[in-house]
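All ligand and atom numbering here is 1-based and tracks the order in the structure. The model shown is predicted, which means the values in this text are computed figures rather than measured ones.
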Amino acid sequence: MSTSIDPTTAPILATYARFPLTIVKGEGSRVWDDQGTRYLDFCSGIAVCSLGHCHPVVVEAIEKQARELIHISNLYYTLPAAELAQELTAAVELPGKTFFANSGAEANDGLIKLARRFGRECPDPESGQARHEIITFNKSFHGRTLGGIAATGQQKIKEGFAPLLPGFTHVPFNQIGALREAISAETCAILLEPLQGEGGVNPATPEFLRAVAKLCREHNLLLMFDEVQCGFGRLGEMMGWRALGVPELEPDAISWAKGMGGGVPIGAFWVHDRKIDDEGTPLSSLLGYGSHGSTYGGNPLVTATSLAVVREIKKANLPANATARESQIRDTIASWNHPALCGVRGKGLMLGIGLNAELLPVPEGKTAAAYLCGELLKNKLLVPPAGAETIRFLPPLNVSAEEVEEALEILKATLIELVAQ
Ligand code: PLP
């Protein structure tokens, strides 16, 4: 394990606690560092490289599009963006329209703007006042823009950035009573990750999701899903919430990024066409001309690539592989009965493995999760932490049973090494 880059002199802002590793090459579920050492990559660029590294479908889509047209701006139509929008609507299986952004945080900013427009179009019926408040949840993560950090339910993400964008209320996740109490005459929307990722891999229960949808109907609130991390096959269905026991739910809006692009920087949000008033105004019409935009958003290079990625996820039935590999991981870890582990949370290939921190020799100043990720890296397995006491398995959706077995062997051997110390 090494890096040729000296973090003390490299002119890169030190916003990340990077592992001491410089990656120079990737293929499938493997990456190589600048010393030629090979690693098994169960991080996938934090749930981004859904087809693995440099999949031929991705490489060919980039090469082909780069020869034809890379960028043209949103002053004109392009075929890849139009085709991808069709593909996304087909994946949602509901009538609606998509806006293309460049990241998950940007996609969520779009949802926040949509909610505010909705609160103005559909004011509080008693006072006639516009509604602007969005309820989100403790431990949520919605990105690093000013909108994203205001929406996020984790104090550490907001530290030092006051005054924050107003209009957000955070309530405990999976607690319907607390949510019901938080709804006021100013509330216009509820935004949630069906499966919280960065906050520790916490799935919403089906009962909670159903109750949230019911409250949204009762109070005329938008139901908005942040599927930036959990969308596009990762949970075992194209749409994340459909893997969580509530396939019948109809969100009003969804944000995506990460896995939909397989590595190219793309984000998007989708808005339902449902009517919001007696005149038949579609929800998707609230963001009309001049209301939102992005110079790069949906450019031909990224949309052609994302189109290839989404089609390959469907063609190769990768959601089914995510489900099969989940069973393999759960069964194997359960069979060890290792005292340093306290259960597997999550769904498909977005899994969090809980740690009993007191059983690991964690050095002062480190979290158990960051420490174990560092030790796994020494044993040639890359995984990211999720919170202080959870490590995540986020391999490519086409990871093989053999690769999963290999990763589990490394985890087991590392735990034996550490706990025997
Ligand atoms: N929303 C969720 C659920 C995420 O997991 C993330 C990133 O981890 C984001 C939003 C922000 O996405 P990005 O880093 O692409 O801005």
Pair R330 + E326: basic N to acidic O under 4.0 Å: yes

Lys/Arg-Asp/Glu bridge criterion (N-O < 4.0 Å) met for K97, D273: yes

Atom 1 (N) of ligand 1 [closest protein heavy-atom partner, distance rounded to 0.1 Å]: D226 OD2, 2.8 Å

Sub-3.5 Å N/O-N/O distance, F141 and ligand 1: yes

Close aromatic pair by centroid cut-off 6.0 Å: F232 and W256: yes

N/O separation below 3.5 Å, G104 to ligand 1: yes

Geometric N/O contact Q229 with ligand 1, under 3.5 angstrom: yes

Minimum-distance protein heavy atom relative to atom 16 (O) of ligand 1: A105 N, 2.8 Å

G143: numbered ligand 1 atoms lying under 4.0 Å from its heavy atoms: 10 (C), 11 (C)

Exercise: do T152 and H142 side chains pair donor with acceptor under 3.5 Å: no

SB check K378 E375 (cutoff 4.0 Å): yes

Per-residue contact class, T145 against ligand 1 - non-hydrogen pairs under 4.0 Å: neither

R345 versus Q196, side-chain donor and acceptor atoms under 3.5 Å: no

Shortest reach to atom 7 (C) of ligand 1 by a heavy atom, considering only E193, E198, K258: K258

